[in-house]
Amino acid sequence: MSETNANDLMSLCKRRGFIWPSFELYGGVAGMYDYGPLGCSLRNNIVEVWRSIYKGREGFVEIDSETVNPREVFKASGHVDEFADLLTYCTKCQSPFRADHLVKDFYENADVLSAKQLEEAFVEHNIKCPDCGGDLGPVEEFNLMFKTHIGPGSARVGYLRPETAQGIFVNFPNLYRYNREKMPLGVIQTGRSYRNEIAPRQGMIRMREFNQMEVELFVDPEDKDWPRFHEIENETLDLIPNTTCEPVTMTVKEAVEKGVIANRVLAYFVYTTKQLLVRVGIDPSRLRFREHLQDEMAHYAADCWDAEVLLSYGWTEIVGIADRGCWDLSRHAEFSGTDLTHFKMFDEPREVTVDKIRPNHKALGPAFKGKAKAIAAAMEAAPLSSVKDGRLTINVDGEDIDLGPEFFEVATVTEKVAGERVIPHVIEPSHGLDRIFYSVLEHAYTHDEKEDYTVLRLAPAVAPIKVGVFPLMEKDGLDTLAHEVYEKVHSHRVEAYYDGSGTIGKRYARMDEVGTPWCITVDYDSLPNGSSPGTVTIRDRDTTEQKRIPMEKAAEIIDALLDGMPFAEL
RNA sequence: GCGAUUGUAGUCCAGCGGUUAGGACGGGAGCUUCCCAAGCUUCUGACCCGGGUUCGAUUCCCGGCAAUCGCACCA
């Protein structure tokens, strides 16, 4: 799409009520947008398609968690420490600089230096303000999270969440129980997230307050298959692997077998993402999946793919699909001190024979009196390797105790083990809703230069208005009749729009511009005429073709069209 | 954040140191048996915010906010 068209699209969005820059009344704030009535409908419709796939087809469960979180959550997730840039300000002209960038000529990896090391580096290499030559001030952390306080005073530090995912991770015990302690466990959540971007750019592509649709699928680490994989294994994907960085088209099955995508469940959801995006109207020829480069991938990620679409801004990431391993649950387990494992039952309970240290209580009691209990416990906990030359040394309350063979025996015992505890792995398809929304608009936008005519070719499933209803003229009872048709057709699912003003052509144009797939016009043949029932015309947006249908079947026919019946079959 | 450019009705543009700031498109009302932005009448509505220079600023200067492009940055 050309830059001119992108500008036209933005003004269309503003004019017709898709999106409005926020707070325009007060001058606006960069990186913030409000959704107007049509935008809100379009966005909701996109969410519905997403929900129909994950909640409907896959049977995942949906939750809605808080946007303000206490600090602990993001300490565990790593956002407090990692989600920050180190800045320094010139003491003379106050200009801010990325501290690591100022010293990058002197270090291989300047971005790993701490604030203190950076300050020392300024002195060592005599670095001054690049703008005015003034002295640089202390290095400070600028965290990209919005900070706040929970409750009065500064009692508890909170942050606005930078992603919705953590709300799912911290609810893992509840969700696990809800799912009757079974894996896999799929959870979805949509909602707002917040990032205090330093310099938001590119319209809706980088927003400070944005909408996500996140999916966290918890799976058995040893079972990265997916039951429905075979249904889609021969479908194709356009991929850019990080090994060659060259675009390649292959089937889902091939991608897994050749090791391009790490495993079957990840590959399944890469393809699911393609299904979702195509269904909401992304042009498949402007869609590709790019694997994160090794240094781009989070250190814990097993594999990560971005869905990228071609926009007027260039190739833009709109969905990330990652195998995050056990990272998230491990971190929350560590920081919260709660067990976040899955108890994985073996098919058959296993008999395990182990050598164990067994304390001789009869001897320990008289010899150690009150300490005997603690010593026995320590002996049971001690590894077998601490027995040397028939003697065992253990440590109780800082005191080394040497025990002779009379105090214990090493016995071979057989135990029944029903299963094992594993930390589930997480497959995360994370969708930027606003980016998808904008991409859908760009890919739907068509403009005929010669006619100076704009049509948004939105998929009927996401189109905000499904049907326009017009009287050919607002007189002779046609308007009354058209209102009746409108009443019959309009519902929560099928948004209809009555328009009787201006000429008929203008009304079609108005509907084409906002992507309404069909228009019904009431004309003189619609008026009751003896025994023959009235008919109306229905017009298809993309072909402008018209057909006559019985007026009383209008609602039913729109329903059928929405369910996918081709217009040609009317 | 830096550099360049810019900010005038809902949208796109014109204009000026000095009375009522123009136009086009849009929107409203009305007329015309009106099926693809037809015509006519009529109405509607704007100088981004703050400070300075000046008798007087939408216009010139400074600052802020916002936008576009380039650079930098980007879970």
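Note that this is a predicted model, so its numbers are computed, not measured. Proteins come first, then strands; the chains are lettered A, B, ... in the order of their sequence lines, and each starts at number 1.
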If we take the [atom1] atom in both [N] and [M], what is their distance in whole Å?
| N | M | atom1 | value |
| --- | --- | --- | --- |
| B/G10 | B/C60 | C1' | 31 Å |
| B/A14 | B/C48 | P | 14 Å |
| B/A57 | B/C16 | C1' | 11 Å |
| B/G15 | B/A24 | C1' | 15 Å |
| B/C62 | B/A72 | P | 28 Å |
| B/U32 | B/A21 | C1' | 35 Å |
| B/C13 | B/A9 | P | 11 Å |
| B/G1 | B/G56 | C1' | 38 Å |

Problem set entry | Contact check, side chains of A/Phe172 and A/Glu216, non-hydrogen atoms, under 4.5 Å |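 Side chain of A/Phe172 against side chain of A/Glu216, heavy atoms only: no contact under 4.5 Å found.
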Exercise. Side chains of A/Glu442 and A/Val309: closer than 4.5 Å at any heavy-atom pair?
Worked result: no
Exercise. Relative to the 5' end of RNA chain B, which residue comes earlier, A/Gly27 or A/Gln202, by the nucleotide with the nearest heavy atom?
Worked result: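 Looking at the nearest nucleotide for each, A/Gly27 comes out on the 5' side.
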Problem set entry | RNA chain B: 5'-proximal contact among A/Glu163 and A/Arg548 (nearest heavy atom) |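 Looking at RNA chain B, the more 5' nearest nucleotide goes with A/Arg548.
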For this session: Determine, for A/Glu197 against A/Arg208, whether the closest basic-nitrogen to carboxylate-oxygen distance falls under 4.0 angstrom.
Result: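 Here A/Glu197 does not pair with A/Arg208 in a salt bridge, since their nearest N and O are not under 4.0 Å apart.
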Sugar-phosphate, base or nothing in reach of [X], heavy atoms under 4.0 Å:
| X | value |
| --- | --- |
| A/Glu317 | base |
| A/Thr537 | base |
| A/Gly320 | nothing |
| A/Asp523 | base |
| A/Tyr453 | base |

Ignoring the backbone of [X], work out which of [options] is nearest its side chain.
| X | options | value |
| --- | --- | --- |
| A/Arg510 | B/G26, B/C36, B/C34 | B/G26 |
| A/Gln546 | B/C34, B/C36, B/G28 | B/C36 |
| A/Ser11 | B/C34, B/C12, B/G27 | B/C12 |
| A/Arg507 | B/C34, B/C73, B/A37 | B/C34 |
| A/Tyr524 | B/A37, B/U33, B/G28 | B/U33 |
| A/Leu472 | B/C35, B/U33, B/A37 | B/C35 |
| A/Tyr508 | B/C74, B/C34, B/C35 | B/C35 |

OP1 or OP2 of [N] sitting under 4.0 Å from any side-chain N/O of [X]?
| X | N | value |
| --- | --- | --- |
| A/Lys506 | B/G26 | yes |
| A/Lys475 | B/U32 | yes |
| A/Thr503 | B/A38 | yes |

Measure from [atom1] on [X] to [atom2] on [N] and round the result to the nearest Å.
| X | N | atom1 | atom2 | value |
| --- | --- | --- | --- | --- |
| A/Glu24 | B/A9 | CD | P | 10 Å |
| A/Ile19 | B/A66 | CD1 | C1' | 15 Å |
| A/Arg15 | B/G27 | CZ | P | 9 Å |
| A/Met473 | B/A38 | CE | P | 14 Å |
| A/Asp512 | B/C35 | CG | P | 17 Å |
| A/Arg539 | B/A37 | CZ | C1' | 11 Å |
| A/Phe23 | B/C49 | CZ | P | 19 Å |
| A/Arg208 | B/G1 | CZ | C1' | 12 Å |

Problem set entry | A/Asp434 and A/Tyr33: side chain donor to acceptor below 3.5 Å | no
Exercise. Is a side-chain donor-acceptor pair under 3.5 Å present for A/Glu163 with A/Ser430?
Worked result: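 Result is no, nothing qualifies.
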For this session: Let me have RNA chain B in dot-bracket notation, would you? Count Watson-Crick plus G-U wobble pairs, both distances under 3.5 Å, and use [ ] for pairs crossing earlier ones and | for inter-strand partners.
Result: (((((((..((((....[...))))((((((.......))))))...(((((..]....))))))))))))....
Exercise. Okay, side chain of A/Asn242, backbone of A/His292: is any donor-acceptor separation there less than 3.5 Å?
Worked result: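 Yes; judged by distance alone, with no hydrogens or angles, the pair exists.
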For this session: Would you verify whether the NZ or CZ of A/Arg290 falls within 45 degrees of the ring axis of A/Trp315 while also being under 6.0 Å from that six-membered ring's centre?
Result: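 Checked: cation-pi criterion not met.
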Report the relative orientation of the aromatic rings in [X] and [Y]; use parallel for angles under 30°, tilted for 30 to 60°, perpendicular for over 60°.
| X | Y | answer |
| --- | --- | --- |
| A/Phe269 | A/Tyr54 | parallel |
| A/Tyr438 | A/Tyr313 | tilted |
| A/Tyr486 | A/Tyr498 | perpendicular |

